[in-house]
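Every chain is numbered from 1 and lettered A, B, ... according to where its sequence line falls, protein lines coming before strand lines. Note that the coordinates shown come from a computational prediction; the quantities given were computed from them, not determined experimentally.
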Protein chains: 2
Amino acid sequence: MTLISVRPVPFGTGRSVPTLMIMRLSFLTGSGRRRHLDPGETLLWEGEEAIFVANVVSGVMKLSTQTSDGREQILGLAYPSDFIGRPFTETSPYSVEALGEAVVCIFRRLDFERFVHEHARLEHKLLERTLSELDKTRRWMLLLGRFNAEERLATLLLEVASRNTLPIDGNAGQFDDEQFELPMSRQQIADVLGLTIETVSRQFTKFRDEGVIMISGHRTITILRRDVLEALAT
Amino acid sequence: MTLISVRPVPFGTGRSVPTLMIMRLSFLTGSGRRRHLDPGETLLWEGEEAIFVANVVSGVMKLSTQTSDGREQILGLAYPSDFIGRPFTETSPYSVEALGEAVVCIFRRLDFERFVHEHARLEHKLLERTLSELDKTRRWMLLLGRFNAEERLATLLLEVASRNTLPIDGNAGQFDDEQFELPMSRQQIADVLGLTIETVSRQFTKFRDEGVIMISGHRTITILRRDVLEALAT
DNA sequence: CGACGGTTTGAGGGAGATCAATCTGAGTGG
DNA sequence: CCACTCAGATTGATCTCCCTCAAACCGTCG
């Protein structure tokens with residue numbers, strides 16, 4: 001939570017958008033509102049009208065979609081400074097939900113679109129962000145299409161570790177990228193990786209028994225053999 | 001092949017980019033070249049410098065990536081009028097290869113980027129195209145993460161049928177979206193769907209035996225029970 | 001005709017799903 | 001401080017879908 005104060009809250013394209021432009025956006029639209037989300041609270045519903053776009057301020061959001069018979073697939077995760085929402089389309093192609101406690105900065109989609117139209121530089125940044133999001137999504141396709149359970153979990157652990165912003169022992173400012181807290185439950189991990197909760201659990205146990213990771217209280221992970229994980233994650 | 005003459009060759013964002021702008025692009029850069037590709041010929045290599053961006057004129061291209069140990073995953077297909085390539089980045093994050101005979105209209109990436117910078121309207125169209133490509137890619141993630149073999153093939157058949165531009169019996173101008181030619185081999189279908197060739201073949205046989213499709217000479221498919229496929233594909 | 005590439009069909013095995021039982025730990029109330 | 005509860009996690013047993021390996025089939029081309 002205290003992360004907020006030490007981070008800028010860039011709009012649209014993360015760290016690379018000039019803060020000045022962000023400020024002006026807030027001014028012009030008058031709609032850049034902070035909003036707190038409880039665990040499991042949904043910001044956008046798949047198929048519903050997409051009223052908002054937003055930036056993640058703190059917490060982790062999941063983007064997900066469902067088959068007609070209710071199977072869920074997580075499409076991606078959004079971390080602080082990530083942009084979420086779908087400009088230039090009426091209905092949201094996926095749902096956006098908070099994994100844990102989260103804070104987002106929301107803008108009315110129409111205001112945002114109008115503003116983008118009038119500011120080519122922001123549009124360009126949004127384009128670059130979207131292109132790299134597309135790259136990321138395609139890498140995830142490789143995972144879903146070709147990786148086995150072990151490789152999938154290794155990839156996720158490294159991904160979360162690289163996004164890690166958890167100070168150890170409440171020691172604010174001290175970061176240790178080999179120990180971190182999982183922002184999601186086993187079930188949510190299973191959904192992200194396209195596996196079942198049992199398979200995920202067995203893989204955790206396997207990594208623990210092999211001395212690759214240490215697990216404290218389900219959610220706190222310490223990476224002991226990063227090399228092993230990296231070899232698996234390609 | 002004769003399709004070419006009856007279709008515009010829009011640049012960057014398909015049907016929605018004004019032809020005028022396309023013309024001007026060709027003029028300015030002087031590099032909008034037609035290029036013929038043989039089956040299996042690769043236009044861009046994963047990890048190599050991305051020299052080109054291009055538009056598909058005819059044929060079908062595949063975008064693919066590989067794991068470190070050589071397993072391939074197809075990331076998507078590009079049909080006539082689709083944009084391919086990755087502007088604003090040095091190296092191509094995936095390979096682009098022609099499935100069959102293909103013609104593309106290539107532009108030097110740097111020329112394209114410069115031009116985009118100077119033409120906000122084109123940039124906007126490219127952004128919209130990229131956003132919808134991202135949507136499409138995410139739908140494919142659902143397929144890879146949650147669909148079984150039957151559902152995957154049903155999805156592909158409907159996708160190809162909807163892209164179908166094959167006149168029946170050489171009767172140009174006459175289109176029948178329930179009969180079409182597959183632009184790829186069984187092996188390529190397997191790669192697209194994240195399956196093996198044997199599983200794909202068995203599914204084809206199963207659909208045929210169930211009276212869902214008709215198969216003539218491996219590649220020509222007639223959909224007899226679209227409702228069944230749609231129920232599976234969701 | 002024979003050769004060869006792509007496809008189909010068959011038999012068997014394995015990774016992960018499914019079904020089911022047990023465990024853990026945080027929260028609650030006595 | 002200790003039962004009790006309950007959701008989430010783990011472990012076990014079994015099954016199933018798809019992969020793997022292998023053989024047969026088919027159409028094309030020399």
Starting at atom NZ of A:Lys206, determine the distance to atom C1' of D:dA9, rounded to an integer number of angstrom.
-> 19 Å
Nearest-angstrom distance from the residue atom CD of A:Glu150 to P of C:dA15 = 11 Å
Taking side chain as C-beta onward, heavy atoms only, is A:Ile189 less than 4.5 Å from A:Leu156?
-> yes
Write down the distance between CD (A:Gln187) and C1' (D:dA7), rounded to a whole number of angstrom.
-> 12 Å
Is the backbone of B:Val200 close enough, under 3.5 Å, to the side chain of B:Gln203 for a donor and an acceptor to pair up by distance?
-> no
Is B:Thr42 reaching over with its side chain to a backbone N or O of B:Leu44, donor-acceptor style, under 3.5 angstrom?
-> no
Measure from CD on B:Glu151 to C1' on D:dC18 and round the result to the nearest Å.
-> 14 Å
Give me the residues of residues 188-196 of chain B where at least one heavy atom lies under 4.0 Å from an atom of DNA chain D, by number, or none.
-> B:Gly194, B:Leu195, B:Thr196
SB check B:Arg202 B:Asp209 (cutoff 4.0 Å) = no
Side chain of A:Thr205 only, please: which of C:dT8, D:dT11, D:dC18 is the nearest?
-> D:dT11
For B:Phe204 and C:dG6, give me the distance from atom CZ to atom C1', rounded to whole Å.
-> 13 Å
Sidechain N-carboxylate O distance under 4.0 Å for A:Lys62, A:Glu97 | yes
Between D:dT11 atom C1' and A:Arg186 atom CZ, what is the distance in whole Å?
-> 14 Å
Would you say the side chain of B:Val192 lies within less than 4.5 Å of the side chain of B:Met184, judging by non-hydrogen atoms?
-> yes
Does any residue of residues 140-149 of chain A have a heavy atom under 4.0 Å from DNA chain C, and if so, which ones, in number order?
-> A:Asn148, A:Ala149
Taking B:Thr89 for its side chain and B:Arg86 for its backbone only, find out whether a donor-acceptor pair lies under 3.5 Å.
-> no
B:Arg152 atom CZ is separated from D:dC17 atom P, nearest whole Å, by 14 Å
Ignoring the backbone of B:Ser201, work out which of C:dT9, C:dG16, D:dA9 is nearest its side chain.
-> C:dT9
Please name all residues satisfying side chain to side chain contact (heavy atoms under 4.5 Å, CB included) with B:Ile215, sequence neighbours left out, ordered by chain then number.
-> B:Arg186, B:Phe204, B:Arg208, B:Ile213, B:Ile221
Those residues at least two apart in sequence (or on a different chain) that pass side chain to side chain contact (heavy atoms under 4.5 Å, CB included) with B:Glu133 are A:Leu134, A:Arg138, B:Lys136, B:Thr137
From CG of B:Leu182 across to P of C:dG6 the rounded distance in Å is 16 Å
Starting at the 5' end of nucleotides 21-30 of chain D, put B wherever the base has a protein heavy atom under 4.0 Å, S where only the sugar-phosphate does, and a dash everywhere else.
-> B---------
In short, side-chain hydrogen bond (donor to acceptor under 3.5 Å, both in side chains) pairs touching residues 142-157 of chain B with sequence neighbours left out are A:Arg71-B:Glu151, A:Asp191-B:Arg146, B:Glu150-B:Lys206
Which part of the nucleic acid, if any, lies within contact of A:Arg208, taking any heavy atom under 4.0 Å across all strands shown: a base, the sugar-phosphate backbone alone, or nothing?
-> sugar-phosphate
Check: B:Phe112 ring centroid to B:Phe83 ring centroid under 6.0 Å | yes
